[in-house]
Amino acid sequence: MRRLNLENLTDVSRRSGDGIAPEELTVGIVHFGAGNFHRAHQAVCTEDAMLATGETGWAISAVTQRGPAVRDRLRGQDCLYTVVTRDESGTAYRVVRSVREVLDGPSETEAVLERIADPSVTVVTLTVTEHAYRLLPGTRRLDTADPGVLADAAGQGPSTVVGRLVAGIRARRAAGAGPLAVVSCDNLDENGPVLRAAVRDFCALLPDGAELAEWIERHVTFPATMVDRIVPATTEEDLAGVEAELGARDEAAVVAEPFIQWVIEDDFPAARPAWEKAGALLVDDVRPYEMTKLRTLNACHSLLAYLGALAGVGTIAETMSVAEFEAVARRLADNEVAPTLPGIAGFEHGGYVDTVLRRFRNPALAHTTQQVASDGSLKIGPRLLGTVGDALRGSVVPSAAALAIAAWLRCVLVRRTDGGEPLEVREPADERIREGAGGGTGRGVVRPALAAAGVDEALLDDRRFLSLVEHHYDELARSGARETARSVAAE
Ligand SMILES: NC(=O)c1ccc[n+]([C@@H]2O[C@H](COP(=O)([O-])OP(=O)(O)OC[C@H]3O[C@@H](n4cnc5c(N)ncnc54)[C@H](O)[C@@H]3O)[C@@H](O)[C@H]2O)c1
Ligand SMILES: O=P(O)(O)OC[C@@H](O)[C@@H](O)[C@H](O)[C@H](O)CO
């Protein structure tokens, strides 16, 4: 079967629709993390912005972070790829052309630094997962004892995202290429400020770091963003479907829901794409949007993923057909999260929750509970612990949030479904957490395991919180995920 490429694009477009002319585009954005989400979100919005304005200077140079696999896949097809949008009403195919170059960060460092130092580039965006920021557990600051961070600071590599970014900014400064906006699009609480702090922390490790940090302070902004589109990992079945539909093999296709949202802090010191023409919202303060999304959508996602994984349920859509799971997700969103949120003019949280849960039900998306449940120690902070703290301060009982944390701990420590099947959930702090738990399985493990995961001691000293997690942890062992969810939903 022929491979999707520029030569057969006209033919493929007969089935997928026309789009921007790739040969007219020039690079204006460097993107770190060429994963599925970027390809289905920022790359699409940026292409739409160019289509709306007629501008051609915002093509993307995507930089892989951990090896050349995605680069090779995309280069093998002239950086073209398909975004498949699917829900119960149907399927649509679109060949995206806005990514015009893919570089492998680890082996093509010089080319990456040159791109960041190019005056035509005024925006760097990132989707590199929570893990890649190398934050000290339980804090929002760079882990300055991390061996990768230390090696980058010592002038090796660079191998970390922050090290690579700062090396690029240094090259840009030397080239006199002017100001830059660095836009994190990861699901982190206050992603812009967190990245700015990590960059500052990294500069503090460098011999000439003070001067560089001062330049960054004056010339580089870190707008915060809220990003939203559910984009599961692509399966071989998805690729076969694209091949059958378009008549060309696409090794980099992504499948997403039709819904797409992007809220961006309007803090750009130089030019940027007219993303607002592609439906993005440019605002002064992203925080209310970010908090609402992380605490509602992502928190419910995590709760359903942990409970579903324990119950042996494969996908998020399937968890939504378990009545107890939907009910406990609603309890979390309506009773525990809603009272903690700042208001947004014209926004109604109840309607938002209905939309989120409807999106989760999308039967055409095979978003696995295992994928969403991964990396829990990095996700419980932004998704759940903020709600827990605020709820306790407001005398709301954060029972469903505590259930999510208890269920996550059981996924990590017990590694068995309620039916006794083996359960594999990726957890970067696995070793630390298991060590903290000291091999125990009863409720006594909760406090040391959460402390080892970086949960704030002050919160662990709050008996109202700890007793809830311990109680649910016991209940999950005794009655299983469904029954425990049912009783929490009924509280
Ligand atoms: N997929 C979604 O539904 C979705 C929606 C909103 C936001 N996001 C954000 O986008 C991120 C990426 O999601 P995705 O679906 O593209 O995942 P993916 O697995 O397809 O891609 C992950 C990307 O992050 C990079 N990466 C992973 N671990 C890294 C590390 N330790 N150091 C450096 N780089 C690393 C990879 O190289 C890859 O480019 C998520 O973690 C989340 O913050 C995803
Ligand atoms: O991508 P992660 O691993 O941070 O989180 C998994 C999902 O909760 C997340 O990707 C959602 O699908 C997304 O945030 C929806 O916009």
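In listed order, ligands and their atoms are each counted from 1. Values below: every heavy atom of this structure, side chains too, minus hydrogens, waters and symmetry copies.
A cation-pi geometry, defined here as NZ or CZ lying under 6.0 Å from the six-membered ring centre and within 45° of its normal, does not hold between R410 and Y306. No cation-pi contact links R229 to F37, judged by a cut-off of 6.0 Å to the six-membered ring centre and 45° from its axis.
The aromatic rings of W275 and W262 sit tilted, their planes meeting at an angle between 30° and 60°.
For the pair Q371 (side chain) and A233 (backbone), a donor-acceptor distance under 3.5 Å is present. A donor-acceptor contact shorter than 3.5 Å is absent between the side chain of E421 and the backbone of G312. In this structure a side-chain-to-backbone donor-acceptor pair under 3.5 Å is present from R97 to I20. Under a 3.5 Å cut-off, the side chain of D143 and the backbone N or O of R134 do not form any donor-acceptor pair.
Residue-level proximity to ligand 1 for V161 is carried by the side chain, the only part with a heavy atom below 4.0 angstrom. At a heavy-atom cutoff of 4.0 Å, ligand 1 is contacted by the backbone of R229 but not by its side chain. Proximity of P232 to ligand 1, defined as any heavy-atom pair under 4.0 Å, is not found for any part of the residue.
Across every non-hydrogen atom of T221 and F268, the tightest pair is OG1-CA, 4.2 Å.
Among protein heavy atoms, atom 1 (O) of ligand 2 sits closest to N187 ND2, 4.0 Å. Of the protein's non-hydrogen atoms, R66 NE, 3.5 Å is the one closest to atom 37 (O) of ligand 1. The protein non-hydrogen atom at the shortest distance from atom 12 (C) of ligand 1 is T129 CG2, 4.0 Å. Nearest non-hydrogen protein atom to atom 12 (O) of ligand 2 is H301 CE1, 3.3 Å.
Among V128, L297, T64, the residue whose heavy atom sits closest to atom 24 (O) of ligand 1 is V128. Among N36, V231, L365, N187, the residue whose heavy atom lies closest to atom 1 (N) of ligand 1 is V231. Nearest to atom 3 (O) of ligand 2 by heavy atom, out of Q371, K379, K293, is K379.
Note: an N/O pair closer than 3.5 Å links F37 and ligand 1 by distance alone. Of the polar atoms of C185, none of the N or O atoms is found under 3.5 Å from an N or O of ligand 1, judged by distance alone. In terms of polar-atom proximity, defined here as any N/O pair under 3.5 Å, D186 does make such a contact with ligand 1.
Remark: the T82 side chain and the R94 side chain contain no N/O donor-acceptor pair separated by less than 3.5 Å.
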Subject >> CA sep, side-chain torsions, deciding dist, call: E88, R361, salt bridge (charged side-chain N to carboxylate O under 4.0 Å, His left out) >> reply: CA-CA 10 Å; E88 50 284 60; R361 260 182 235 116; over 6 Å; no
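In summary, the atoms of ligand 2 found under 4.0 Å from a heavy atom of N298, numbered by their order in the structure, are 8 (O), 9 (C), 11 (C), 13 (C), 14 (O).
For the pair R383 and ligand 2, a heavy-atom separation below 4.0 Å is found.
Checking atom 16 (O) of ligand 1 against the protein gives a heavy-atom contact under 4.0 Å. Atom 19 (O) of ligand 1 is never approached by the protein to below 4.0 angstrom, counting heavy atoms only.
At a threshold of 4.0 Å, the pair R287-D189 counts as salt-bridged, since one of the basic side-chain nitrogens sits closer than that to a carboxylate oxygen.
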